[in-house]
Amino acid sequence: MTDITIESSAPVTWLSRLHEWRENHISERMFVLILAFFVGFFAAVAAFVLHWLINQIVSLLTSSFDASSSNWLYLVYPVVGIYITSLFVRYVVKDNISHGITRILYAISQNRSRLKSHNTWSSVIASAITIGFGGSVGAEAPIVLTGSAIGSNLGKLFKMDSRTLMLLVGCGAAGAIAGIFKAPIAGLVFTIEVLMIDLTMASLMPILVSCVTATCFTYIFRGEAALFTFHLDNPWCVERVPACIGLGVFCGLVSLYFIRTMGFCEDIFARFKDKPYVKLVIGGILLSLLIYLFPSLYGEGYGPINLLLNGTSEDDWSRILDNSLFSGHLEMLIPYIALVLLTKVFATSATNGGGGCGGTFAPSLFIGCFSGFLFSRLWNIYKVGVIVPEKNFALMGMAGVMSGVMHAPLTGIFLIAELTSGYNLFLPLMIVSICSYLTIIIFEPHSIYSSRLAKQGKLITHHTDHAVLTLMQLDSVIDKDFLSVEPDTELAEIVRKISRSRNSVIPVLDAAGNLLGEIDIAKIRHIMFRTELYHHFTASQLMQEPSATLNDQSSMAIVMKTFDATHANWLPVLDNENHLKGYLSRERIYTQYRKMVADMSED
């Protein structure tokens, strides 16, 4: 018994001593920079491990395929991958790990930037299995979740406050993007645009340290080869501005199709939430059939992207038809490209809906590349304007659809520019990304990642007031130390309760704890000191309806609006069964609000 106690307390003592030494010898700001370095390093390691696992699985399964014909194993592999992933998640992880970036946004806004420890490895394994076996999703969102979880858990290990945890979560996400794509600026911009981490001098340096660290170690691990190769053979000229604007609008509409279709498919799979094998059958069959018909949908799709980015002739482009029923039929190239573009979102939804694990980052790049190629090919065939190079527009399409799907035009611009060294196309990338973003926001005010949280009022934004209200937790401001009375309680007992109460109202509850009304102390002052009336009045006679009631699931924005509308000083908070949980004080809420605004504005 004694030995067990000593072994369990030793790590705590070691950590406590390390924490004490750190506080005495290293400043808070310097320590955050050190943590950011390690977060960037571990994010790069996670990205390397994931892509290595995916490549090994793909090579093992498909190296013997004949490129000149279709292969029936495309019908089998995706189902097997989804099934293995679902078993891993259900029996090993025992937690939901889908929608990686959405989970990060939720953790920032609703869980004080705390991510579970298993998120540091579970998404890597699950997504490697899913993608390696042909799941039509991306590895980026799982790696971003992994990087953010590394930052969150390192921060928790060293007892950092919620504000620093949020910054470390941002460092993990930025390092993951920077490491995957060798694009440090894109990692920084992604964190600001998508995760809504405010850019201050205190947050800029740690995020940059994480991005640069992850990028450098990725070069060490994987060499200098870029994820996508692109050589600019035809420089941009101003005569192509109309085509760039048209491509931007087209990418915005494609982004709208992507978001709406993804949401529609997710709603269908959500109906079978408690029937995993039904989801597996539906998702597996749909995915297998799509991949069998269009092998370009297999896995992340980086191979077809590189074909379109580097092709210069009909022979080059015809290779995208390999392994399919259309192989050797060059006249089917445009219909094939269009069908792959339309079905990619269904393949992605079927992968995740059936039980797989992956993100929409790579699918948006894939659809963008195919959209840019299709647009430019049709533009040239029908001679709408000056002839445009298909490979350039395939590259710009990637930036356009990413900007629209993520509502992040800067991320689209810098990521594609860094990813392909396509800085000579910086101006057209800007035109396409901005036009795509301006098109999508007409129809969709939120990105594919934030729309779920925005509907629930749980999305943090760059608007300080809204951000503070989102970060405030209702439970942290509820006063649960209240004194209540029953309906038949006489005035004498009510006065005794008032003498011990800190609130200006006394709730009247029935035996089940349901709120029947409340007694406003100020409104009974004229009788509460007249002892001769103590046995003439009961709580049911003195109580009144509260100005308003709040639900314990209400957002702080709704709480503040309710206080403003009622001008009340105290409001009761009820659960879904009408049981009183406590009271909210206007003064207490505003005090915490002012403190949080001051904390966010320090730098």
Side-chain angles (χ1 to χ4, degrees), residues 42-61 76-107 115-153 172-173 176-177 179-180 262 265-266 269-270 272-273 276-277 279-284 286-288 291 297-302 347-363 449:
F42 287 123
V45 171
F48 172 76
V49 170
L50 176 56
H51 278 107
W52 182 83
L53 287 173
I54 292 172
N55 291 333
Q56 293 301 310
I57 296 173
V58 171
S59 177
L60 179 66
L61 297 180
V76 179
Y77 288 158
V79 180
V80 174
I82 292 176
Y83 182 62
I84 295 174
T85 303
S86 64
L87 292 178
F88 171 76
V89 172
R90 193 179 313 145
Y91 295 109
V92 179
V93 180
K94 299 178 182 179
D95 190 20
N96 184 6
I97 57 175
S98 62
H99 300 307
I101 296 177
T102 301
R103 299 187 80 78
I104 298 171
L105 291 170
Y106 180 84
L115 289 160
K116 296 180 180 179
S117 57
H118 73 73
N119 289 130
T120 59
W121 55 268
S122 56
S123 294
V124 172
I125 297 175
S127 58
I129 297 170
T130 299
I131 298 169
F133 276 82
S136 195
V137 287
E140 293 74 23
I143 285 296
V144 171
L145 176 59
T146 299
S148 296
I150 290 170
S152 176
N153 283 277
I177 294 296
I180 292 170
M262 183 71 73
C265 294
E266 285 183 354
F269 281 104
F272 306 101
K273 182 178 180 181
Y277 287 102
K279 291 166 59 177
L280 173 64
V281 170
I282 296 174
L286 177 60
L287 179 62
S288 296
I291 291 179
L297 299 175
Y298 190 95
E300 295 173 289
Y302 288 163
T348 300
S349 300
T351 302
N352 285 331
C357 177
T360 57
F361 207 107
Y449 301 129

Between [X] and [Y], which heavy-atom pair has the shortest distance, and what is it?
X      : Y      : answer
Ala43  : Gly172 : CB-O, 4.2 Å
Ser122 : Val93  : CB-CG2, 3.7 Å
Ile291 : Pro78  : CD1-CG, 3.6 Å
Gly138 : Pro363 : N-CD, 3.7 Å
Gly284 : Val79  : O-CG2, 3.5 Å
Ala149 : Asn119 : CB-CB, 3.5 Å

With side chains defined as the heavy atoms from C-beta onward, is the minimum distance between [X] and [Y] less than 4.5 Å?
X      : Y      : answer
Leu145 : Leu115 : yes
Tyr277 : Phe272 : no
Ile282 : Leu286 : no
Ile177 : Phe361 : yes
Leu61  : Tyr298 : yes
His51  : Ile143 : no

Report summary line: From the list Ile84, Ile57, Thr85, side-chain contact (heavy atoms from CB on, under 4.5 Å) partner of Thr130 resolves to Thr85

Output the distance between atom [atom1] ([X]) and atom [atom2] ([Y]), rounded to the nearest 0.5 Å.
X      : Y      : atom1 : atom2 : result
Asn55  : Leu60  : CG    : CG    : 12.5 Å
Ser127 : Ile54  : OG    : CD1   : 5.5 Å
Phe133 : Leu287 : CZ    : CG    : 13.0 Å
Phe48  : Leu53  : CZ    : CG    : 9.5 Å
Ser123 : His118 : OG    : NE2   : 8.0 Å

Query raised in the report: Relative to the ring of Phe88, is the ring of Trp121 parallel (under 30°), tilted (30 to 60°) or perpendicular (over 60°)?
Result: perpendicular

Query - Sequence neighbours excluded - side chain to side chain donor-acceptor pair (under 3.5 Å) pairs with any residue from residues 132-150 - result: Ser136-Lys344, Glu140-Tyr302

Query raised in the report: Does Asn352 use its side chain to pair, donor to acceptor, with the backbone of Gly358 at less than 3.5 Å?
Result: yes

Requested in this report: State whether the side chain of Thr120 and the backbone N or O of Ser117 hold a donor-acceptor pair below 3.5 Å, judged by distance alone.
Outcome: yes

